[in-house]
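Note sheet for the following structure.
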Amino acid sequence: MGVPDGGSVCRLFGLHAGRSPVAATFWLLDAPDSLKVQSLREPDGTGIGTFTSHGRPRVDKQPIAAWEDRAFAREARRLESTTFLAHVRYASLGAHTYVNTHPFEQDGRLFAHNGAFADVAALDRRLEDVGTRALVQGQTDSERLFALITAETRGAAGDVGAGIAAAVTWLAENVPVLSLNCIITTATDLWAVRYPDTHELHVLEDRTRAPGRARRLHARSARISARAEDLGDHVLVATEPMTDDPRWRMIDPGTLLHVGSDLAVSCSFPFPDQPTRRLSVDDLSPAAAASQREGRPR
């Protein structure tokens with residue numbers, strides 16, 4: 001597997017393992033393109049979001065890269081959860097601080113975003129109107145996007161899918177958009193958005209465990225040989241394939257993907273075909289553009 005060269009975007013990682021808590025050490029630390037490896041290219045922050053056995057969210061994050069964060073390695077080996085949400089940050093908006101580091105938590109849900117949009121002031125006015133501006137603790141456009149999703153979800157009587165669809169549609173129609181790729185998790189569900197087609201997002205559905213038999217995950221490349229204890233059946237969503245497994249597939253642009261506790265994967269297409277005003281990387285400031293340029297395998 002090639003290593004991205006040059007600029008890179010933030011990295012998203014979501015895992016759903018069904019109804020039984022598991023550890024995700026392999027994907028966070030040991031896979032050929034683990035979150036730790038990706039953080040060598042994304043220097044501005046790393047976070048892991050999980051849920052306790054009682055379904056309460058827990059976030060462990062620092063505004064430094066995972067490879068230099070001893071706490072990240074410790075937590076990656078120790079944490080168990082039915083769902084995981086991890087993020088490595090290449091900042092486009094907001095200082096390198098704890099409150100600007102993903103994932104974010106609102107209403108018992110966790111959120112991470114990869115992308116950018118303009119006219120944050122218009123979104124702030126919208127958040128004032130819908131009553132969730134006070135949820136925003138930091139400076140990022142990402143946390144504001146989450147606050148809009150939270151408002152729309154509240155308005156849809158807790159239907160997260162409907163909330164995501166309404167929030168992304170509002171942004172697509174009212175502000176210039178580069179990318180709204182994001183993942184939301186609870187203890188029982190995972191949602192992922194790829195919109196529009198600016199940045200990639202991939203999914204791996206692994207249901208190969210034979211009943212009654214333990215299985216180990218294996219991954220090999222020219223650079224590293226990694227293995228992990230059995231996770232059982234699980235579904236992964238990530239910015240880029242993290243192993244050479246041929247079952248990784250790219251999610252279609254415009255997709256809202258949902259994974260339930262039974263690991264059934266469903267896809268819908270509730271967003272406009274294209275944003276009304278679409279940004280390109282060249283429209284961004286130099287610092288923001290650097291955080292949004294895709295690396296290419298070498």
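For the numbers below, each heavy atom of this structure counts, side chains included, while hydrogens, waters and symmetry mates do not. Quick caveat: nothing in here was measured; it's all calculated off a predicted structure.
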Check this for me, if you would: do R58 and E105 make a salt bridge, where the nitrogen-to-carboxylate-oxygen distance has to be below 4.0 angstrom? no
Which atom of A112 lies closest to which atom of H87, heavy atoms considered: CB-CD2, 3.8 Å
Let me check something: any side-chain donor-acceptor pairs from residues 126-136 under 3.5 Å, sequence neighbours excluded? List them with distances.
{"unit_1": "R126", "atom_1": "NH2", "unit_2": "E152", "atom_2": "OE2", "d": "3.2"}
{"unit_1": "T132", "atom_1": "OG1", "unit_2": "A147", "atom_2": "O", "d": "3.0"}
{"unit_1": "R133", "atom_1": "NE", "unit_2": "D124", "atom_2": "OD1", "d": "3.3"}

Among residues at least two apart in sequence or on other chains, which ones pass side-chain hydrogen bond (donor to acceptor under 3.5 Å, both in side chains) with T186? T188
Of F269, F117, F271, the residue whose pairing with Y195 passes ring pair (Phe, Tyr, Trp, His ring centres under 6.0 Å): F271
Could you measure the distance from the CG atom of L110 to the CD1 atom of I48? Nearest 0.5 Å is fine. 12.0 Å
Which residues satisfy the side-chain hydrogen bond (donor to acceptor under 3.5 Å, both in side chains) test with T50, sequence neighbours excluded? none
Between CZ on residue F104 and CD1 on residue I184, distance to nearest 0.5 Å: 12.5 Å
Derivation and outcome, side chain to side chain contact (heavy atoms under 4.5 Å, CB included), residues E143 and Q137: CA-CA 8 Å; E143 192 179 18; Q137 303 299 309; 3.8 Å; yes
Tell me, please, which residues at least two apart from R277 pass salt bridge (Lys or Arg N to Asp or Glu O under 4.0 Å). none
Taking the basic N atoms (NZ, or NE/NH1/NH2) and the acidic carboxylate oxygens, is any pair closer than 4.0 Å for D206 and R247? yes
Test log, rule salt bridge (Lys or Arg N to Asp or Glu O under 4.0 Å), inputs E200 and R194: CA-CA 7 Å; E200 296 181 0; R194 184 182 179 209; over 6 Å; no
Sequence neighbours excluded, every pair satisfying side chain to side chain donor-acceptor pair (under 3.5 Å) that has a member inside residues 157-178: none
Determine all donor-acceptor pairs shorter than 3.5 Å in which one atom belongs to a side chain in residues 259-267; sequence neighbours excluded.
{"unit_1": "D262", "atom_1": "OD1", "unit_2": "A264", "atom_2": "N", "d": "3.0"}

